[in-house]
Protein chains: 4
Amino acid sequence: MQTRTTPAGRTGRPRSAAADAAILAATRAALVELGWSRLTLGDVATRAGVAKTTLYRRWAGKNELVVDAVAELFDELRLPDRGSLAADIEGAVLQFAAILSRPEAKSGLMAVVAESTRDAALRERIRASIVDRQKRLVLEGRARAQARGELPPENDPEEAARTVDLIFDVVAGAVVHRTLVSAEPADEEWVRGFTRLLLRGLVDASAQEAQKALEA
Amino acid sequence: MQTRTTPAGRTGRPRSAAADAAILAATRAALVELGWSRLTLGDVATRAGVAKTTLYRRWAGKNELVVDAVAELFDELRLPDRGSLAADIEGAVLQFAAILSRPEAKSGLMAVVAESTRDAALRERIRASIVDRQKRLVLEGRARAQARGELPPENDPEEAARTVDLIFDVVAGAVVHRTLVSAEPADEEWVRGFTRLLLRGLVDASAQEAQKALEA
Amino acid sequence: MQTRTTPAGRTGRPRSAAADAAILAATRAALVELGWSRLTLGDVATRAGVAKTTLYRRWAGKNELVVDAVAELFDELRLPDRGSLAADIEGAVLQFAAILSRPEAKSGLMAVVAESTRDAALRERIRASIVDRQKRLVLEGRARAQARGELPPENDPEEAARTVDLIFDVVAGAVVHRTLVSAEPADEEWVRGFTRLLLRGLVDASAQEAQKALEA
Amino acid sequence: MQTRTTPAGRTGRPRSAAADAAILAATRAALVELGWSRLTLGDVATRAGVAKTTLYRRWAGKNELVVDAVAELFDELRLPDRGSLAADIEGAVLQFAAILSRPEAKSGLMAVVAESTRDAALRERIRASIVDRQKRLVLEGRARAQARGELPPENDPEEAARTVDLIFDVVAGAVVHRTLVSAEPADEEWVRGFTRLLLRGLVDASAQEAQKALEA
DNA sequence: GCATAAGCGAGACGGTACGTCGTGTCTTCCT
DNA sequence: AGGAAGACACGACGTACCGTCTCGCTTATGC
């Protein structure tokens, strides 16, 4: 990821750029086959056709390596304009769910989060590489909804930032929990229900549901 | 947890009941001091004043042991009637957040969830010991809100079950994400904001916020 | 070798006696095949069908292990009575040379001696396991020669001890140097010449030699 | 040592002569501080202010380097005429012992000899750089003794060469064994005893000793 | 005087072995 | 039979050196 590519000095043999990519790809492959806990750095090095030392020269350990390997997965998230806030949310959540359903993300993400509870540097790396990077989606979605008139413009920038964080926690948290803890697919149906809840709230959702049931 | 208390046969020395409790307590202590990844079964055995063999006779491994040790933490969750759905939710979420802020829960919970992505039996154990056990809170809260007339009675039991699951994913997921990933405290202020979003939805919340800002 | 067999405590699984023998034999085999510097403890463990940890539990490292492995070789030295001091010496030196010509001794012995120059404990171990153990041959030979009247009885015990040490240094040193440094075989002819020098001295030997040459 | 100084070709930058000396000195310093087994070529290069590549361009490896570094030590051996064969021997042996007592010689010499048991080229290098170089002392001493009439002139040149080898093995071997294996100083007293044994032989020495003891 | 060619410092590279630690099983003796 | 003690086979850890390589220089010779 960031500035791991050759440090200060200019002399000496430069670091192989290809090695970085090979290592991250090998890490994801190993996550798929073995999962987090059975993944070993020796094995990753072998898969990447690289010496263990090369790997340790660039990453401090398994945690840092996996964060970088997983972070790349989330960079493919896009937010195409689907015409309405609800549709935009559904689209983003589905994409997020699709990534989380991939075994390399499943295995790796929660593991590094768990590790990060005791390692502030790791926590910061996760935040920088993954969390903050993807908050852009929330910001973009809100701006678009405001342009459409679906949401009012924010007046208090601090409050607005808090809301972005809250929404991110709710969305990411719900999808992760659904996918990893409940271990059920976050499919279109579930995403529709979740989006309705997020937009309209529990009271309204319950009322609608009761209404529907009555009609049927 | 479940059927570890002395098996079928009646001959021979019976298993020490005290050992179980000591082992689980030692596990939690080790989680606090060392975190998941540095916790070792040998160390837990030593702390509990027990031989490693005894430990392995009762649990299959680290994962199962930690699930049981952490599950006990969540059994202290209660849902006192605070007079309104909003207040009930706030109370429950705060309690949940308080437990999750304890290092033994933080360290252990996400780690076993991560492990469970590749181990169906472990996933089942987590669901049985932790998730399903605590869904009672959602059920209880809904029943109470319905009695108060804050929520309509459900008509379709299947749809109702789906809603319980959804709410649980949203609540648990949001708190976990806030606490572990964003690494910010789920304090009273945050819980109020979250509860409002949960009850009223994003559109309403945004409108209210805009309104407040205007008035000020 | 000495008291490595199960330490103080009496509880727990006892150390495998077979493992010791297997490890020492494997060490000698590895010395023959690979020599000192390419011998690795991991390889020895594998050859012995033993885990590396077992090996480290019993020996502090390569040096100590090799000392013990080599020491066993010298225990087969015997001093049969061949009727005269000269013949006894020749017999002992030939046996010593035979052992030193075996590759496991060649490779290992000088290496541990070299290491011992910076490790007093190792030096002591060599002295106890090898050197002092074999000084018995010098003592036995002298006693026998005195009984035969070939050597006078010693009067000053301290001086006598010094002489034993000196003879051992000369004999062992000469054979080692001939075998390892000059890299020539210490065969019967060489041993005869050496024994004559040892018994009669340089002046006498030179005179005899000149005499022989004159006669021829 | 020998043909390391710039090879065939004449074009290109010539090898730095200073580097050679710096490397050998650094090697001896490292031998003193670390001993043979902990000496690393990387460290030697650093000490000498030289790149590892430079070192490998000139020596094949640790063994060859150390042989050269140690060989230089022995070149300071001299054989001043002390008036008698006994005095000449004592002088030479004391000088030899003095060199062997220096840690760089102690650590390095036996180690390369040990290595040479499995490496004919190294053995040859040792012989050429060290052993044969110092045999001059024996030759010189004998010639001087013959001139003085202490030893008869040799008649059979082959036999004479064998005797030189034998004496060298006995002298060098005894001093090395005394110094490194017995780990006792080869001081004046010991050298006197050794010289007497070498010149007069065991029988005569024992008789003298018995005689002395009787007188006392 | 400018190309050619080797030497050189720096440091990354693919390897191999290290010595330690954790796992889950086993063996022995003691309740 | 249960249990504490601890040895055991296994396999990963993260580190240290090895000997080689690839850089961007510098320092000679020879056309």
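A, B, ... follow the sequence lines: proteins, then strands. Residue 1 opens every chain.
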Run the side-chain hydrogen bond (donor to acceptor under 3.5 Å, both in side chains) test against Asp43(C) and tell me which residues pass, sequence neighbours left out. Arg47(C)

Can you sort out which residues in residues 41-53 of chain B have a heavy atom within less than 4.0 Å of DNA chain E? Ascending by number, please. Leu41(B), Gly42(B), Lys52(B), Thr53(B)

Out of dT20(F), dG7(E), dT23(E), which has the shortest distance to the side chain of Thr40(B)? dT23(E)

Short side-chain N/O contact from Arg57(B) to OP1 or OP2 of dG2(F), under 4.0 Å: no

Tell me every residue that passes salt bridge (Lys or Arg N to Asp or Glu O under 4.0 Å) with Arg102(B), counting only those two or more places apart in sequence or in another chain. Glu76(B), Glu104(B)

Do Thr46(A) side-chain atoms and Gly42(A) backbone N/O form a donor-acceptor pair below 3.5 Å? yes

Atom CG of Leu55(D) to atom P of dA10(E): distance rounded to whole Å? 14 Å

When you measure from the side chain of Arg13(C), which nucleotide among dA7(F), dC13(E), dA4(F) comes out closest? dA7(F)

Between Leu65(A) (CG) and dC13(F) (C1'), how many Å, whole number? 15 Å

Tyr56(B) OH - dG2(F) C1' separation (whole Å): 19 Å

Numerically ordered, the residues 104-123 of chain D set in heavy-atom contact under 4.0 Å with DNA chain F is none

In this structure, CG of Asp20(A) is separated from CG of Asp68(A) (nearest 0.5 Å) by 8.5 Å

When the nearest nucleotide of DNA chain F is assigned to Lys62(A) and to Thr54(B) on a heavy-atom basis, which residue is associated with the more 5' position? Thr54(B)

To the nearest Å, how far apart are Leu39(A) CG and dG11(F) P? 17 Å

Pairwise 5' ranking along DNA chain E for Gly12(C) and Ala60(C), keeping only the more 5' one: Ala60(C)

Which nucleotide in the set dG11(E), dG19(E), dA5(E) lies at the smallest distance from any side-chain heavy atom of Thr11(D)? dA5(E)

Taking every heavy atom of Ala114(D) against every heavy atom of Ser107(C), the minimum-distance pair comes out as CB-O, 4.4 Å

Applying side-chain hydrogen bond (donor to acceptor under 3.5 Å, both in side chains), can you list everything that pairs with Arg28(A), at least two apart in sequence or on another chain? Glu72(A)

Whole-Å gap separating C1' (dC18(F)) and CZ (Arg38(C)): 14 Å

So, is Arg58(B) near the phosphate of dG3(F), with a side-chain N or O under 4.0 Å from OP1 or OP2? yes

Test of understanding: with side-chain hydrogen bond (donor to acceptor under 3.5 Å, both in side chains), list the residues that count as partners of Glu64(A), not counting sequence neighbours. none

In whole angstrom, give the distance that lies between atom CG of Leu34(C) and atom P of dT16(E). 14 Å

Residue pair Val66(A) / Trp36(A): nearest heavy atoms and the distance that separates them: CG2-CZ3, 3.7 Å

Any side-chain to backbone donor/acceptor pair from Lys106(A) onto Arg118(B)? Under 3.5 Å, distance only. no

Nearest 0.5 angstrom please: Ile130(A) CD1 to Leu109(A) CG, how far? 5.5 Å

Please report the distance, rounded to the nearest Å, between CH2 in Trp36(D) and C1' in dC17(F). 14 Å

Roughly, in whole Å, what's the span from CD in Glu64(D) to P in dG19(F)? 10 Å

Residue-phosphate contact under 4.0 Å: Arg15(D) side-chain N/O, dG7(E) OP1/OP2: yes

